[in-house]
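Side chains included, hydrogens not; waters and symmetry mates left out as well; all remaining heavy atoms used.
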Amino acid sequence: SICVDEGGNFNIGSNITIIPEERFTFSITDNDGRAALLIDKKGKLISLEILELQKKIMELSYKMENQSVNIAPMSLIKTDYIHVFSYGQSLSRGTMCFNPINTQQPYDNVMFGGSTTSSTPSGQLDRDYENNDYSKFIPLIAQDNNKGEAESPVCGFANGFVELQLQKGDNANQWKMVGTACGEGGRSVSYLSKGMGGRYEDLLKQVNAAKNVANGLGQSYSVWAVAWTQAEQDYADNTSRNVYKKTLIALHDNLKTDIQLITGQPFKPLMICYQVASHRYYEKLRNDLALALLDASFERNDIMIACPMYQFEYSQDSLHLIAETSQQLGKYYARALDYVKTTGKKWQPLQVKNIIVQGRIIDIEFNKSGLVLDTTLVTKTHNYGFDIWQGDVLQNIIASVTVIDKNRVRIVLNADLPVDSYLSYARGRNGDPYKSGRIDGARGNLRDSNGDTDNYTDRQGIKYMHNWCVAFENKLN
């Protein structure tokens, strides 16, 4: 660290740069802050080799924990009929989404026909499991099934995907999507898994039936994606973050294998998820299952999060959606699928790319530009959604949160970071209402500006397809 080189010159320093802080009582550094000698508060001489190794491990750990795995390119092969599923619990089925929007099919998208014994003979999206007629396709529409279910996200998903192809110059008759919603309300990720409650087997039953119908029409068929809209029940069941992640990944692994066995398609169907935002409804302080969904998306290339949920309008029960937001959720699913189809790459939501901590300054680099702290579409919350924690104890030391560049946010603290502290976003706090959504739920105000050019109008007005930042946690020291 301190030496004389071959030319007789005295050299000081190493490749370690020390940011001014209170970790060391004594140090020898050069003018650029490179350290030659360090002594900590306990009087211990610090090895620069160990410090460098720790730095590399921390950097690698951060990248592994917080960056999506992006390995081999993904390919989706077009067939005459393309099946997209809405799978999960009640939100996947349109519970409380009364007064449905998609009552007419604008394209050639289809669902299964209903039998004369179902509550609505024209079709049910397989929401009456025993009664559906899987022998034919009929136009895909949303309708009230007289059981409190109406506008499923699958209509927004299928129709929204075709809309995106038309924007690229395709004709409507070039795309035929099959849309079904085969989940079940109030069910856990375990119940919806293979060999458990029967819904998984219903999904495979639909794959087999849809393939047979398509082939009977002289058409080809494949499954491109399963939209996963589930986690609320697992808050009620106190499922841990790690157990949920592992169970979800296993569920998707089984789906990929079983679907390919039926269809013979050479590519694996994707899982496109929402990020649940209803933990406060269940009186939880931690949003562990929102983080579990994010963990799964980091661990697997073919599991991705379309969007978080806190920016949406919820129904009066603060747990289910309204028809307009159910449709918009489906459009977010469609956009993620279209991105994979167009680029061959994994879709990523607005999420953290890098974090730099220097004393009382925290700079966060995100993966998308045009950042905005929006307090109009989402009601302003504490520090725009950012908080510092030590364990589960809130550290109320954030002085300001500002957007300082096209893709960077700066947090300035009014006190030093405690040991083992971490940063959260969209977690909420103790004392916050036991609600969900953009007004009273656990939420954040950070988004990009994608919706400035990507938007549409429904009966409520303009709907902006901004990318809202996912809920996250990151260690700071």
Rounded distance [0.5 Å steps], CG in Leu261 versus NZ in Lys256: 13.5 Å
Min side-chain heavy-atom separation Leu294-Ile305 under 4.5 Å: yes
Heavy-atom donor-acceptor pair, Asp338 side chain to Ala334 backbone, under 3.5 Å: no
Partner set under ring pair (Phe, Tyr, Trp, His ring centres under 6.0 Å) for Tyr310, not counting sequence neighbours: none
Side-chain touch Ser190/Met196, heavy atoms, less than 4.5 angstrom: yes
Stepwise side-chain contact (heavy atoms from CB on, under 4.5 Å) check, His320 with Leu91: CA-CA 6 Å; His320 298 95; Leu91 270 67; 3.7 Å; yes
Minimum heavy-atom distance Val401-Asn383, with the two atoms named: CG2-O, 3.6 Å
Contacts of type side-chain contact (heavy atoms from CB on, under 4.5 Å), residue Asn450, not counting sequence neighbours: Arg335, Asp448, Asp454, Met465, Asn467
Lys435 side chain to Tyr314 backbone, donor-acceptor under 3.5 Å: no
Residues, nucleotides or ligands: over 12 heavy atoms within 6.0 Å of Leu166 CG: yes
Heavy-atom pair of closest approach, residues Pro269 and Ile259: CG-CD1, 3.9 Å
Pairs meeting criterion salt bridge (Lys or Arg N to Asp or Glu O under 4.0 Å) with involvement of residues 316-326, two or more places apart: Glu324-Arg459
Euclidean distance, Cys155 SG relative to Gln105 CD, rounded to 0.5 Å: 7.5 Å
Centroid-centroid distance, His83 to Tyr81, less than 6.0 Å: no
Distance-only donor-acceptor check, side chains Gln206 and Thr180, under 3.5 Å: yes
Heavy-atom closest pair, residues Val223 and Tyr221: CG2-OH, 3.4 Å
Distance-minimising heavy-atom pair for Gln328 and Lys463: OE1-CD, 3.5 Å
Close side-chain approach of Gln311 and Arg443, heavy atoms under 4.5 Å: no
Donor-acceptor pair between Ser220 and Asp80 side chains, under 3.5 angstrom: yes
Leu329 side chain reached by Cys307 side chain, heavy atoms, under 4.5 Å: yes
Side-chain donor-acceptor contact under 3.5 Å, Asp133 with Ser135: yes
N-O pairing of Lys245 and Asp295 below 4.0 Å: no
Lys246, NZ: over 12 other non-hydrogen atoms inside 6.0 angstrom: no
Donor-acceptor contact below 3.5 Å, side chain Gln275 vs main chain Ala471: yes
Donor on one side chain, acceptor on other, Asn354 and Glu365, under 3.5 Å: yes
Test side-chain hydrogen bond (donor to acceptor under 3.5 Å, both in side chains) applied to Gln219 - qualifying residues, sequence neighbours left out: Lys176
Contact check, side chains of Arg429 and His382, non-hydrogen atoms, under 4.5 Å: yes
Main-chain N/O of Val189 paired to Tyr244 side chain as donor or acceptor, under 3.5 Å: no
pair Gln233-Arg187: side-chain heavy atoms closer than 4.5 Å: no
Distance-only polar pair, side chains of Gln351 and Tyr425, donor-acceptor under 3.5 Å: no
Partners meeting salt bridge (Lys or Arg N to Asp or Glu O under 4.0 Å) with Asp363 (sequence neighbours left out): Arg408, Arg410
NZ/Lys78: more than 12 non-hydrogen atoms of other groups inside 6.0 Å: yes
Centroid-centroid under 6.0 Å between Tyr281 and Tyr434 rings: no
CD1-CG distance between Ile439 and Leu377, expressed to the nearest 0.5 angstrom: 11.0 Å
Side-chain donor/acceptor of Gln260 to backbone N/O of Phe267, under 3.5 Å: yes
With sequence neighbours excluded, residues passing side-chain contact (heavy atoms from CB on, under 4.5 Å) with Tyr339: Thr343, Lys345, Trp347
Under the side-chain hydrogen bond (donor to acceptor under 3.5 Å, both in side chains) test, residues paired with Asp392 that sit two or more places apart: Arg286, Arg427
pair Thr103-Ile141: side-chain heavy atoms closer than 4.5 Å: no
Where at least one partner belongs to residues 450-471, residue pairs that pass ring-ring contact (aromatic ring centres under 6.0 Å, His included), sequence neighbours excluded: Tyr464-His466
Residues forming a side-chain hydrogen bond (donor to acceptor under 3.5 Å, both in side chains) with Asn109, sequence neighbours excluded: Asn159
Electrostatic pair Asp202-Lys205, nearest N-O below 4.0 angstrom: no
Those residues that, when tested against Ser278, pass side-chain hydrogen bond (donor to acceptor under 3.5 Å, both in side chains) (two or more places apart): Ser436
Between CZ on residue Phe312 and OH on residue Tyr332, distance to nearest 0.5 Å: 5.5 Å
For Leu373 against Thr402, the heavy-atom pair lying closest together: CD1-CA, 4.3 Å
Student check: side-chain heavy atoms of Ser193 and Tyr200 closer than 4.5 Å: no
Heavy-atom pair with the smallest gap, counting every atom of Asp108 and Ala172: OD2-O, 4.1 Å
Separation of Arg241 CZ from Asp234 CG (nearest 0.5 Å): 15.0 Å
Any donor-acceptor N/O pair, Glu151 side chain to Ala142 backbone, under 3.5 Å: no
Sequence neighbours excluded, every pair satisfying ring-ring contact (aromatic ring centres under 6.0 Å, His included) that has a member inside residues 147-170: Phe157-Tyr333, Phe161-Trp175, Phe161-Trp224
Side-chain donor/acceptor of Asn145 to backbone N/O of Lys147, under 3.5 Å: yes
Pair listing, salt bridge (Lys or Arg N to Asp or Glu O under 4.0 Å) test, anchored in residues 258-280, at least two apart: Lys194-Asp258
From Lys346 atom NZ to Met304 atom CE, the distance as rounded to the nearest 0.5 Å: 6.0 Å
Thr229 side chain vs Gly88 backbone, donor-acceptor pair below 3.5 Å: no
Side chain Asp458, main chain Gln460, donor-acceptor under 3.5 Å: yes
Gln348 (side chain) donor-acceptor with Asn367 (main chain) under 3.5 angstrom: no
